[in-house]
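Down below is the structure, laid out as structure tokens.
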Amino acid sequence: MEAWEKMASGVPVSVGQEVEICIDNINHQGEGVGRYRGFALFVPYTVPGEKILARVIQVKKNYARGELVEVLEKRRERVLPRCHNFGRCGGCHLQHIDYPSQLKIKRELVQEALRRIGGLQDVLVHPVIGMKEPWYYRNRVQLHVGERNGELVIGFYAPGTRRLVEAERCLLFPPELAPVIERMKQLFQHCGIKAYRHGKGILRHLVLKKSRSTGEVMLVVVTYTNSFPGGEMIAEKLMAEFPEVVSVLQNVNRSRSPLVLGPRFRLIKGKETIREKIGPFQFLISAPSFFQVNPEQTEILYHKVVEYIEPLKPETVVDVYCGTGTIAIFLSQTARKIIGIETVAAAVEDARVNAALNRVHNCEFRVGTAEEVIPELEREQLELQAVVLDPPRRGCDRRVLGAVARLNPRRIIYVSCDPATLARDLKILQELGYHARQVQPVDMFPHTYHIETVAQIDRLK
Ligand SMILES: C[S@@+](CC[C@H](N)C(=O)[O-])C[C@H]1O[C@@H](n2cnc3c(N)ncnc32)[C@H](O)[C@@H]1O
């Protein structure tokens with residue numbers, strides 16, 4: 001915004017200006033929110049209650065963004081971030097705030113979304129269930145490959161850029177993966193394999209998955225090209241040097257979209273899957289299928305789903321967006337029959353294998369979108385007591401919510417990783433005769449602004 005436009009519109013700040021503000025709260029992207037002459041200013045890496053000096057870096061019509069210059073009055077919740085890359089890599093947003101305070105902030109974010117977006121004032125939001133040791137919790141890490149001064153760089157993108165920050169000492173993923181990543185880099189360089197850029201080179205990303213319970217590791221090398229010269233030799237060496245690496249795949253991604261994985265996978269060496277244990281159940285994880293990233297908290301999350309459904313003593317439950325069948329299998333001792341719905345065919349294959357692996361015989365899985373399959377259930381005039389919804393971040397399509405309401409379950413359990421889309425969908429469900437009774441947030445993503453929730457929603461009549 002030009003200076004004259006700013007004057008005309010009454011915006012009281014301009015780019016480069018330094019202003020003193022107090023931070024009132026944290027927004028859904030983990031930034032501190034303060035006001036300068038009534039005008040909202042978002043400043044990352046700040047703490048509610050702090051007085052700070054901020055430099056304005058962007059001005060929009062209704063708000064501005066700033067960077068922290070100095071903390072003028074520090075709060076006791078401020079701690080020294082543990083990671084030397086905090087603030088540079090963009091993966092963590094809240095490491096500068098002590099963990100109990102992060103949990104309080106996340107609860108407030110859920111309450112605020114329900115009030116502001118959902119118009120819901122009376123929903124009970126429980127305190128967030130946090131982790132005892134909130135580090136090294138991720139079982140999946142996604143890295144980008146680039147080059148600097150002719151050398152390969154493997155890491156995360158700095159916030160809002162394509163500048164790579166090396167990932168070797170990330171405190172969120174298992175430390176045992178760091179030497180594997182380093183060795184992959186050496187082997188790629190040794191084979192003359194370059195990062196893909198402007199039609200040259202081949203390497204784009206790496207995806208690593210590690211099972212918490214068995215220690216097994218899967219490596220996925222994402223390339224632009226179909227060919228991956230030296231791929232077999234590299235996989236062989238990695239598996240010989242790191243016995244925990246049991247699966248190496250190539251994924252081809254030629255698209256320009258920000259999605260890391262393309263549609264085609266090729267097994268280079270080892271197994272197609274790794275094995276994970278959550279609670280009493282075992283699950284096979286394949287490369288294309290979704291699996292929750294924090295296994296320790298996933299167990300708590302799934303037990304919550306069971307706890308909310310158990311009192312109904314249900315005959316039939318539908319698990320919509322079922323992925324590899326994890327929630328359905330967790331419900332196998334609670335309901336007589338569970339029907340899972342999932343759009344990714346490979347995930348449904350995994351779900352069937354997982355059910356067999358756990359000797360679970362009362363789960364049926366259907367491939368298709370929720371939009372297509374739920375109307376099928378309507379036509380079958382299925383009597384069911386509960387529906388579980390666990391959609392991606394974008395939430396549920398309005399048609400899905402309408403069709404779920406027509407199935408007329410007594411209770412809907414909504415598992416969400418985005419309080420904003422949860423709140424929007426709860427509002428729609430309210431219009432359809434369903435009211436949210438309680439929401440349990442579970443911290444699956446410590447030190448980031450992300451938060452997972454399980455909501456219990458009951459039919460009003
Ligand atoms: C957040 S994951 C949940 C998976 C599973 N419940 C779990 O806990 O691992 C969402 C899942 O929904 C699937 N999905 C996305 N859009 C869908 C749609 N329109 N219909 C059915 N499934 C969909 C994705 O493939 C993914 O497996």
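Both ligands and their constituent atoms are indexed starting at 1 by order of listing. All values below were derived from every heavy atom in this structure, side-chain atoms included, with hydrogens, water molecules and symmetry-related copies excluded.
Using a non-hydrogen distance threshold of 4.0 Å, Gly368 registers as a contact of ligand 1. In this structure, Glu452 has no heavy atom closer than 4.0 Å to ligand 1. Using a non-hydrogen distance threshold of 4.0 Å, Pro391 registers as a contact of ligand 1.
Close approach of ligand 1 to Thr326 (heavy-atom distance below 4.0 Å) involves ligand atoms 7 (C), 8 (O), 9 (O). Close approach of ligand 1 to Arg394 is summarised as follows: ligand atoms under 4.0 Å from at least one heavy atom of the residue are 15 (C), 16 (N). Against a heavy-atom cut-off of under 4.0 Å, Thr369 is close to the following atoms of ligand 1: 19 (N), 20 (N), 21 (C). The ligand atoms of ligand 1 that sit less than 4.0 angstrom from a heavy atom of Tyr302 are 7 (C), 8 (O), 9 (O). Against a heavy-atom cut-off of under 4.0 Å, Val344 is close to the following atoms of ligand 1: 25 (O).
Atom 11 (C) of ligand 1 has Glu342 OE1, 3.6 Å as its closest protein atom, hydrogens excluded (heavy atom only). What sits closest to atom 3 (C) of ligand 1 on the protein, heavy atoms only, is Asp390 OD2, 3.2 Å. The protein heavy-atom contact nearest to atom 14 (N) of ligand 1 is Thr343 CG2, 3.6 Å. Among protein heavy atoms, the minimum distance from atom 19 (N) of ligand 1 is reached at Glu371 OE1, 3.1 Å.
Of the polar atoms of Thr324, none of the N or O atoms is found under 3.5 Å from an N or O of ligand 1, judged by distance alone. Residue Ala370 has at least one nitrogen or oxygen atom sitting less than 3.5 Å from a nitrogen or oxygen atom of ligand 1, judged on distance alone. Ligand 1 has no N or O atom lying under 3.5 Å from any N or O atom of Asp319, backbone or side chain.
Side-chain N or O atoms of Gln102 include one that pairs as donor or acceptor with a backbone N or O of Leu94 at under 3.5 Å. A donor-acceptor distance shorter than 3.5 angstrom exists from the side chain of Asn85 to the backbone of Glu166, with no hydrogens or angles considered.
Using cut-offs of 30° and 60° on the angle between ring planes, the pair Phe330 and Phe283 is parallel.
When each of Lys271, Lys209, Lys210 is paired with Glu216, the side chain to side chain donor-acceptor pair (under 3.5 Å) condition holds for Lys271 and for no other.
Here the CD1-CD distance, from Ile339 to Glu380, works out to 7.0 Å after rounding to the nearest 0.5 Å.
The cationic atom of Arg138 (NZ for Lys, CZ for Arg) does not lie both less than 6.0 Å from the six-membered ring centre of Phe173 and within 45° of the ring axis.
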